[in-house]
Colleague: 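Structure incoming, see below.
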Amino acid sequence: MVTLNQLEVLVKVVEFKGFSGAAKALFTSQPAVSNHIRNLENSFGVQLVHRTSQGARPTPAGEVVVERAHRILGILDDLERTVAGYRGLGGGRLVLAGTTTLGTYLLPRLLSDFSARAPKVACQIRVGNEEAVESWLLRGEVALGLCAGTPRDDQLLAQGMFEEAMVLVAEPSSPLAGRTLRPADLADERFLVRESGSATRRLQEAALRTWGLEGAQQWEMWGSDTLKQAVCQGLGLAVVSEHVVRQETESGLLVTLTVQPALPTRTVSLVRRADRVLTPPEEAFVSLVRTVGEWPV
């Protein structure tokens with residue numbers, strides 16, 4: 001018998017192009033994911049997923065099932081949101097997403113305030129790069145997302161909340177520390193950048209263009225934590241959000257470099273799908289964020 005859980009697992013396997021990625025997203029084990037897919041294939045009597053050198057891919061039959069699964073899960077999500085409207089803030093669920101920096105360093109702080117006001121609402125945070133967050137919003141898997149700047153898809157609406165400063169950081173013994181730098185002083189430096197699809201990556205590339213350093217050596221690092229550790233180990237410099245490195249700069253593990261011209265700020269936006277009707281918990285979270293004039297401490 002086909003179950004909703006099996007359909008959700010299949011969707012995640014295809015989305016993350018693998019069993020381990022799906023397991024991580026669903027907070028379960030890889031053997032459990034494999035078991036769900038095997039049982040689902042037995043129910044239909046056809047293979048739905050095959051593994052390739054580029055990861056797990058749906059078979060033609062699998063593509064049909066995934067497409068229908070998205071419809072079914074979307075209907076159930078709409079039903080849940082509709083019923084939640086009758087509960088106000090006395091129950092229901094709030095699913096939020098944020099790009100890596102915002103989802104890791106900002107959303108937990110905002111949810112702490114929200115949870116104090118609506119303790120009976122179950123909350124979930126998803127963190128991914130900009131492409132992942134927009135995809136979740138478009139598919140209706142999350143109601144609201146925090147992103148840097150304006151989304152690329154016309155179906156998404158963004159409301160600017162506040163500004164966030166970007167800084168250039170180095171390890172403490174760097175000879176560049178403690179003085180005002182010009183772009184020419186950075187010409188021979190290596191820059192560490194986030195992975196493609198990250199909002200921070202676009203800002204890092206824009207910063208290098210502003211300084212006329214597009215041709216500087218660049219090493220790609222996946223994730224903010226890897227990027228910070230690499231800078232701490234003296235592998236290069238990095239342009240990051242001031243909030244990502246706040247603890248490291250306060251503790252002396254990293255130093256902020258002063259460069260002229262200075263980097264522009266970036267806008268933190270609350271994003272939603274234009275046609276989505278928000279539930280009371282979602283409306284309450286929007287109202288909370290609108291009261292935030294600057295990054296909460």
Side-chain angles (χ1 to χ4, degrees), residues 1-81 83-84 92-104 107-108 111 122-145 153 194-198 201 220-227 229 273:
M1 179 180 177
V2 176
T3 68
L4 293 172
N5 195 22
Q6 291 170 351
L7 294 177
E8 183 179 16
V9 169
L10 176 64
V11 167
K12 292 300 179 186
V13 168
V14 172
E15 177 184 346
F16 289 94
K17 299 178 182 178
F19 288 69
S20 60
K24 184 177 181 180
L26 293 168
F27 302 99
T28 188
S29 67
Q30 186 170 334
V33 169
S34 298
N35 188 54
H36 281 303
I37 296 299
R38 183 169 52 253
N39 290 337
L40 186 60
E41 289 178 331
N42 289 338
S43 295
F44 283 119
V46 294
Q47 183 179 0
L48 301 175
V49 176
H50 59 81
R51 298 179 180 179
T52 71
S53 58
Q54 286 78 42
R57 294 288 188 273
T59 64
E63 291 179 353
V64 172
V65 176
V66 168
E67 191 272 332
R68 300 296 197 280
H70 276 303
R71 292 190 199 176
I72 294 169
L73 295 173
I75 291 171
L76 287 175
D77 182 63
D78 180 68
L79 176 60
E80 182 175 330
R81 289 188 287 109
V83 174
R93 186 168 63 119
L94 176 65
V95 184
L96 306 169
T99 51
T100 307
T101 297
L102 303 175
T104 302
L107 269 180
L111 265 189
C123 299
Q124 180 187 123
I125 294 176
R126 289 191 183 187
V127 177
N129 63 25
E130 189 176 40
E131 292 177 354
V133 172
E134 290 193 17
S135 176
W136 293 333
L137 287 164
L138 289 170
R139 294 203 301 263
E141 295 182 19
V142 300
L144 302 164
D153 196 292
R194 283 283 305 279
E195 72 279 3
S196 296
S198 163
R201 172 65 173 268
E220 186 175 277
M221 304 284 160
W222 281 65
S224 298
D225 289 339
T226 304
L227 191 70
Q229 289 298 318
R273 204 172 70 188

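The shown structure was predicted, so the numbers you read here are calculated from the model rather than taken from an experiment.
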Colleague: Considering all heavy atoms of both residues, which atom of L137 and which atom of A143 are nearest to each other, and what is their separation?
Modeller: CD2-O, 3.7 Å
Colleague: Among all residues two or more places apart in sequence or in another chain, which pass the side-chain contact (heavy atoms from CB on, under 4.5 Å) test with A25?
Modeller: F16
Colleague: Can we say R201 and E220 salt-bridge, meaning some charged N sits less than 4.0 Å from an Asp/Glu carboxylate O?
Modeller: yes
Colleague: Indicate the atoms forming the closest heavy-atom contact of V13 with A56, along with that distance.
Modeller: CG1-CB, 3.9 Å
Colleague: Between side-chain atoms of residues 31-39 and protein atoms elsewhere (two or more places apart, or another chain), which donor-acceptor pairs fall under 3.5 Å?
Modeller:
unit_1: S34; atom_1: OG; unit_2: Q30; atom_2: O; d: 3.2
unit_1: N35; atom_1: OD1; unit_2: R38; atom_2: NH2; d: 3.0
unit_1: H36; atom_1: NE2; unit_2: N5; atom_2: ND2; d: 3.3
unit_1: N39; atom_1: ND2; unit_2: N35; atom_2: O; d: 3.3

Colleague: Got a second to check how far T101's OG1 is from N129's CG, nearest 0.5 Å?
Modeller: 11.0 Å
Colleague: Which residue is it: T59, L48, V49? I am looking for the one with a side-chain contact (heavy atoms from CB on, under 4.5 Å) to V65.
Modeller: L48
Colleague: Quick one: list whatever passes side chain to side chain donor-acceptor pair (under 3.5 Å) with S224, sequence neighbours left out.
Modeller: R194
Colleague: Just to verify, what does T99 make a side chain to side chain donor-acceptor pair (under 3.5 Å) with, not counting sequence neighbours?
Modeller: none
Colleague: Applying side-chain contact (heavy atoms from CB on, under 4.5 Å), name anything that partners V2, two or more places apart in sequence or on another chain.
Modeller: Q6, L7, L40, S43, F44
Colleague: How about V11 and L73: do any of their side-chain heavy atoms sit closer than 4.5 Å?
Modeller: yes
Colleague: Please name all residues satisfying salt bridge (charged side-chain N to carboxylate O under 4.0 Å, His left out) with E63, sequence neighbours left out, ordered by chain then number.
Modeller: none
Colleague: Can you name the side chain to side chain donor-acceptor pair (under 3.5 Å) partners of E67, sequence neighbours left out?
Modeller: R71
Colleague: Would you call V95 and W136 a side-chain contact if the rule is heavy atoms closer than 4.5 Å?
Modeller: no
Colleague: For I125, what residues pass the side-chain contact (heavy atoms from CB on, under 4.5 Å) criterion, not counting sequence neighbours?
Modeller: L107, P108, L111, V127
Colleague: Holding to salt bridge (charged side-chain N to carboxylate O under 4.0 Å, His left out), I want the full list of residues that pass it with E141, two or more places apart in sequence or in another chain.
Modeller: K12, R126, R139
Colleague: What pairs meet the salt bridge (charged side-chain N to carboxylate O under 4.0 Å, His left out) rule with one or both residues in residues 39-57, with sequence neighbours excluded?
Modeller: none
